[in-house]
Novice: 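Okay, handing you the structure first.
First listed ligand is number 1; within each ligand, the first listed atom is number 1. The first residue of the sequence shown is numbered 1, and numbering continues consecutively from there.
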Amino acid sequence: MEQSSTFANLQTKIKDRSALVGVIGLGYVGLPFAVEKAKVGYSVIGFEQNPQRADQVNAGDNYIPDVKTEELQAIVSSGKLKAVTSYEQISQMDAIVICVPTPLTKNLTPNLSYIESVTQQLAQYLRAGQLITLESTTYPGTTDEVMRPILEQVSGLRQGEDFFLAHSPERVDPGNLRYTTKNTNKVVGASDPRSLEIAKLFYEQTIDHVVPVSSAKAAELVKVFENTFRAVNIALVNELAILCDRMDLNVWEVLDAANTKPFGIMPFYPGPGVGGHCIPIDPHYLEWKAKEFNFETHFIALAGEINRRMPEFVREKAWRVLNQVGVAPSRSTILVMGVAYKKNIDDWRESPSINVIKRLLEDHANIVYHDPFVPEIKIRGQVFQSVPLNDDEIAHADIVIILTDHSQIDYANLVTKAKAILDTRGVTRHLQGDRSNVTLL
Ligand code: SAJ
């Protein structure tokens, strides 16, 4: 097919919603995206390697809290969305969006195995007229230097002429009810103008504001910078918390007062560490790439080191509180409040709470936990079930450690009933009444 007609044909299909959309990876990014596309009339196929997840989608059984179950069920029953586990139908797709994980290895270096394996499979079926966009967070150069060569060499097709390739970083904030896939500004970049133009058109069909940048690398760096910004600022307040502990100052009072400044500041708060699949991970993708340019990203390295130190700091503070109540850690019963990596979500992967619990288990403490979002966790083969939050459980504990500040917990009752509380999230700091049994991080 002549190049310009390929391009024009794809433009038409995107505009009239007849374009077939493929989403590779139906996780916390891919499934909400697939639902948004299907809701406006596109036929969407989710290519999901996990058969259970594919079955759940096809049964309208929602597993992503940010997706409205009734919406998923409506588009699945209307036939607008289905999930498959093989790539057979990928060549029928007009637009393909890749939303696969980009984890770190144990040595904090990028693990592109998901992106590489998806790209290798995609390349076998690639045809003229397809748009491919990568949404996974990764270092600048992944789209152009890793994906493009595979796609061109295996298929013999050329980017910008036969197929189109762009990077558009995901900006999903799990649990955020205000900013959704639809109303969160979306950056998109590509290394040739036609890929950028067609990718921008594609995203504009379901996202209120699309922000084009000059290259895929710029788009990749935008996202990694966004998360580095958070990691560094969280590390700054975590370091301040450790210093305030040494200086016998209340870091929460200091930060609350600092945040009364009406300009030039942004609230970040200390905690038991940094969890999730973004902030503790993404900055190290940039740190790794920078070394190629003989450049040390000191802020990223330092932020990671400070944030990873926080679980140990919590352990030390827990020892001090146990000392005050006259119980040795090895003889203590500790009620942990919250194992999710941040409040009001159910995700406990990479959660700092797990790192704290591991350390307290090494001290032979008896650990029980309560998390309304997480019914069960497994640590080093040991299964823990969330206990009901009742006065007996609270009274039975020598210390309650608040590690995740879920909004639905009755903290006033906790303060009234608990022998001692270590609050690592500052969630009790504004409560009225006697809080002499509470130690803040
Ligand atoms: N944390 C702190 N102190 C803070 C903020 C966060 O200790 O002041 C901790 C959290 O408890 C959590 C970790 O850091 O363990 C990460 O928290 P996060 O608020 O950054 O939430 P995430 O990991 O869900 O980050 C997502 C990211 N979204 C994308 O990558 C697309 C991030 O870019 C968003 O900015 C972030 O949500 C958000 O704004 O909530």
Novice: At a non-hydrogen distance cut-off of under 4.0 Å, which region of E170 contacts ligand 1 (side chain, backbone, both, or neither)?
Specialist: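 Near ligand 1, E170 shows its backbone as well as its side chain.
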Novice: Report yes or no: does a heavy atom of K343 sit under 4.0 Å from some atom of ligand 1?
Specialist: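 No heavy atom of K343 comes that close to ligand 1.
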Novice: Which one holds for N238 and ligand 1: side chain close, backbone close, both close, or neither close, with close meaning a heavy atom under 4.0 Å?
Specialist: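 The answer is neither.
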Novice: Under the 6.0 Å and 45° cation-pi test, does K15 pair with F202?
Specialist: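 Judged by the rule, K15 and F202 form no cation-pi pair.
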Novice: What protein heavy atom sits nearest atom 12 (C) of ligand 1, and how far off is it?
Specialist: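 Residue, atom and distance for the closest contact: Y341 O, 3.3 Å.
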Novice: Answer yes when E145 and K289 have at least one side-chain N-carboxylate O distance shorter than 4.0 Å, and no when they do not.
Specialist: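 A salt bridge links E145 with K289.
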Novice: Could E204 and K200 be called an ion pair, given the rule that one side-chain N must be under 4.0 Å from one carboxylate O?
Specialist: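 K200 and E204: salt-bridged.
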Novice: Please write down residue, atom name and distance for the protein heavy atom closest to atom 26 (C) of ligand 1.
Specialist: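 Here the closest protein heavy atom is D173 OD1, 3.9 Å.
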Novice: Going by the order shown, which atoms of ligand 1 are within less than 4.0 Å of some heavy atom of F268?
Specialist: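 Heavy-atom distances to F268 below 4.0 Å select 8 (O).
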Novice: If you count the non-hydrogen atoms of other residues, nucleotides and ligands that lie under 6.0 Å from CZ in F299, is the total more than 12?
Specialist: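 It does not: F299 CZ has 12 such atoms or fewer within range.
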Novice: Salt-bridge test for E135 and R171: reply yes if a basic N is under 4.0 Å from a carboxylate O, no otherwise.
Specialist: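 Not counted as a salt bridge, because no side-chain N and carboxylate O are separated by less than 4.0 Å.
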Novice: For the residue pair H277 and Y28, does the interplanar ring angle fall in the parallel (under 30°), tilted (30 to 60°) or perpendicular (over 60°) class?
Specialist: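 The arrangement is tilted - the two ring planes meet at 30° to 60°.
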Novice: For atom 8 (O) of ligand 1, what's the nearest protein heavy atom and its distance?
Specialist: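 Of the protein heavy atoms, Y269 N, 2.8 Å lies nearest.
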Novice: Can you list the atoms of ligand 1 that are under 4.0 Å from a heavy atom of R171?
Specialist: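 Under 4.0 Å from R171, ligand 1 has these atoms: 31 (C).
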Novice: Among all the protein's non-hydrogen atoms, which is closest to atom 6 (C) of ligand 1, and how far away is it?
Specialist: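 In this structure, atom 6 (C) of ligand 1 has I234 CD1, 3.5 Å as its nearest protein heavy atom.
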Novice: Polar-atom distance check: G275 versus ligand 1, any N or O pair below 3.5 Å?
Specialist: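 N/O-N/O distance under 3.5 Å: yes.
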Novice: Do D347 and R349 sit within salt-bridge range, that is, some charged N less than 4.0 Å from a carboxylate O?
Specialist: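 Here D347 pairs with R349 in a salt bridge, since their nearest N and O are under 4.0 Å apart.
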Novice: Answer yes when K317 and D423 have at least one side-chain N-carboxylate O distance shorter than 4.0 Å, and no when they do not.
Specialist: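 Looking at D423 together with K317, the answer is no, because their closest N to O distance does not fall below 4.0 Å.
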Novice: Can you report which non-hydrogen protein atom sits closest to atom 33 (O) of ligand 1, along with the distance?
Specialist: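 Ranked first by proximity to atom 33 (O) of ligand 1 is N227 OD1, 2.5 Å.
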Novice: For ligand 1, which atoms sit closer than 4.0 Å to a heavy atom of K223?
Specialist: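 Answer, ordered by atom number: 29 (C), 30 (O), 31 (C).
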Novice: Can a salt bridge be assigned to the pair K186 and E170 using a cut-off of 4.0 Å between side-chain N and carboxylate O?
Specialist: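 No, this pair does not count.
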Novice: Would you mind telling me which of V339, D346, I409, L389 makes a side-chain contact (heavy atoms from CB on, under 4.5 Å) with D371?
Specialist: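 Looking at V339, D346, I409, L389, the match for D371 under the side-chain contact (heavy atoms from CB on, under 4.5 Å) is V339.
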Novice: Give the residue and atom name of whichever protein heavy atom lies nearest to atom 11 (O) of ligand 1, and the separation in Å to one decimal.
Specialist: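 Scanning the protein heavy atoms, the shortest distance from atom 11 (O) of ligand 1 goes to R425 NH1, 2.8 Å.
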Novice: Which residue and atom name correspond to the protein heavy atom nearest atom 21 (O) of ligand 1, and how close is it?
Specialist: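 For this ligand atom, the closest protein heavy atom is K342 NZ, 3.2 Å.
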Novice: Against heavy atoms of V172, which atoms of ligand 1 measure under 4.0 Å?
Specialist: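 Those atoms are 28 (N), 29 (C), 31 (C).
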Novice: What's the shortest distance from atom 19 (O) of ligand 1 to any protein heavy atom, and which residue and atom give it?
Specialist: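 Sorting protein heavy atoms by distance from atom 19 (O) of ligand 1 puts R230 NH2, 2.8 Å first.
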